[in-house]
Amino acid sequence: MAKNLTPAMQKQEKKLKGGKKIRTGPWIDAWKRLLRNKAAMVSLGIIFIFVTLAIFPQYIAFQSYDEQNYGIAFTRPCKDYPLGTDQFGRDLLSRIIWGSRMSMFVGVTSIIFALVVGGIIGAIAGFYGGKIDDWLMRFMDILLAIPSMLLAIAIAAALGGSLLNLMLAISISSIPAYARVVRGSVMTVKSQDFVEATRAVGASNARLIFRHMIPNALAPIIVQATLGIASNIICACGLSYLGLGIQDRK
């Protein structure tokens with residue numbers, strides 16, 4: 001009986017007959033879909049540029065961030081100084097490139113902390129429900145009632161101005177948003193069949209939450225986290241301007 005194979009299936013069968021192993025998996029399939037999306041590849045290129053600037057500013061910047069030359073103070077943008085110089089004769093473009101390292105570090109680190117803490121709180125609340133959910137979410141509601149910037153200012157002012165306190169203040173003010181997102185995602189996944197099947201074979205609650213439920217609820221969490229990096233960088237700039245964060249070295 002002849003096989004009715006599509007062109008894609010015929011191509012795959014030829015590769016298998018030729019001894020070539022076809023690597024498949026969710027991450028490989030996701031990467032292939034990403035390669036087919038032109039807008040996503042452009043965005044990936046922009047992210048790569050910013051990450052490169054943050055990691056290797058010493059090889060990209062024209063000068064060091066603290067190199068001063070009063071003879072060229074307040075120079076207008078020109079060939080040697082594309083963005084001009086400040087009152088101390090420091091190249092502004094070089095200082096922006098060097099500053100990208102600290103901005104990326106603060107943004108990514110604070111997001112990771114907020115995501116881990118908020119994710120655990122949201123996952124526990126969404127999985128167990130009942131009084132645990134009520135108590136945890138009411139506490140998150142109290143924090144959400146305070147504007148995140150105002151809450152970060154209060155925490156940073158209480159702890160004192162430093163890099164560690166800055167990241168801690170930003171992270172704490174971001175925790176309620178991630179707790180809410182993770183809780184909603186976990187509650188959606190909890191009603192699916194694979195959770196009941198995993199529970200039926202005797203999996204513990206911790207395994208259910210961290211091995212099965214959270215990985216299947218990552219899509220909205222990743223979106224929220226990527227948007228939160230930019231918000232946290234802006235918040236860090238505001239706190240530093242108020243003297244509660246990273247201070248300029250003169």
Side-chain angles (χ1 to χ4, degrees), residues 43-44 46-58 60-61 65-66 95-126 136-186 209-210 213-215 217-249:
S43 302
L44 185 63
I46 295 173
I47 293 173
F48 176 77
I49 291 173
F50 281 112
V51 172
T52 303
L53 290 175
I55 297 175
F56 306 107
Q58 64 273 23
I60 300 173
Y65 64 90
D66 58 352
R95 287 177 63 79
I96 290 173
I97 294 173
W98 277 98
S100 64
R101 168 183 285 185
M102 189 59 64
S103 297
M104 292 291 291
F105 177 74
V106 171
V108 173
T109 305
S110 57
I111 279 294
I112 292 174
F113 180 83
L115 186 58
V116 171
V117 177
I120 293 174
I121 293 174
I124 292 174
L136 290 175
M137 287 302 103
R138 294 304 74 77
F139 180 67
M140 293 296 106
D141 289 341
I142 293 172
L143 295 180
L144 282 172
I146 306 172
S148 58
M149 186 64 179
L150 184 59
L151 180 60
I153 291 173
I155 296 172
L159 297 177
S162 69
L163 177 60
L164 179 60
N165 294 338
L166 171 68
M167 292 188 294
L168 188 60
I170 297 173
S171 301
I172 293 175
S173 63
S174 303
I175 286 174
Y178 294 101
R180 278 289 184 182
V181 172
V182 175
R183 174 182 176 270
S185 300
V186 168
I209 294 173
F210 296 104
M213 300 181 71
I214 291 181
L218 281 179
I221 299 171
I222 293 174
V223 173
Q224 181 74 14
T226 53
L227 293 175
I229 292 176
S231 301
N232 286 4
I233 291 174
I234 294 174
C235 185
C237 293
L239 292 176
S240 299
Y241 177 77
L242 296 174
L244 299 174
I246 308 166
Q247 298 305 306
D248 185 22
R249 294 181 180 181

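As a basis for the values below, the full set of heavy atoms in this structure was taken, side chains included, without hydrogen atoms, waters or symmetry mates.
- Taken from CH2 in Trp98 to OG in Ser103, the straight-line distance is 13.5 Å, to the nearest 0.5 Å.
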*Any chance you could lay out the side-chain contact (heavy atoms from CB on, under 4.5 Å) test for Thr52 and Ile60, step after step, and finish with the verdict?*
CA-CA 9 Å; Thr52 303; Ile60 300 173; 4.1 Å; yes
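- For the residue pair Ala152 and Cys235, the shortest heavy atom distance occurs at CB-SG, 4.0 Å.
- A heavy-atom distance below 4.5 Å is not found between the side chains of Leu166 and Leu244.
- Between Arg138 and Ile142 the shortest side-chain heavy-atom distance does not fall below 4.5 Å.
- A donor-acceptor pair is defined here as one N or O able to donate and one able to accept, closer than 3.5 Å; such a pair exists between the side chain of Arg95 and the backbone of Tyr65.
- Here the closest heavy-atom approach between residue Val182 and residue Ala123 is recorded as CG1-N, 3.6 Å.
- The shortest heavy-atom contact between Thr226 and Val223 is OG1-O, 2.8 Å.
- Put simply, the side chain of Val106 reaches to within 4.5 Å of the side chain of Leu163, judged on heavy atoms.
- A distance of 10.0 Å separates CE in Met104 from OG1 in Thr109, rounded to the nearest 0.5 Å.
- The side-chain contact (heavy atoms from CB on, under 4.5 Å) test applied to Ser174 returns Ala114, Ile170, Tyr178, Asn232, not counting sequence neighbours.
- Judged purely by distance below 3.5 Å, without hydrogens or angles, the side chains of Arg180 and Gln224 never pair a donor atom with an acceptor atom.
- Closest of all the heavy-atom pairs between Pro176 and Met140 is CA-SD, 3.6 Å.
- Separating the CD1 atom in Ile155 from the CG atom in Leu150 is a distance of 10.0 Å, to the nearest 0.5 Å.
- When all heavy atoms of Ile221 and Leu115 are compared, the pair lying nearest together is CG2-CD1, 3.3 Å.
- Remark: Leu151 CG to Leu144 CG distance equals 9.5 Å, nearest 0.5 Å.
- Here the straight-line distance linking atom CD1 of Ile172 with atom CG of Leu159 works out to 7.0 Å at 0.5 Å rounding.
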*asked:* Run the side-chain contact (heavy atoms from CB on, under 4.5 Å) test on Ile175 and Leu143 for me, step by step, so that the C-alpha distance in whole Å, both residues' side-chain angles and the decisive distance to 0.1 Å come before the verdict.
replied: CA-CA 9 Å; Ile175 286 174; Leu143 295 180; 5.7 Å; no
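- Between Gly107 and Ile233 the shortest heavy-atom distance is CA-CG1, 4.0 Å.
- The CE atom of Met149 sits 9.5 Å away from atom CD1 of Ile234, with the distance rounded to the nearest 0.5 Å.
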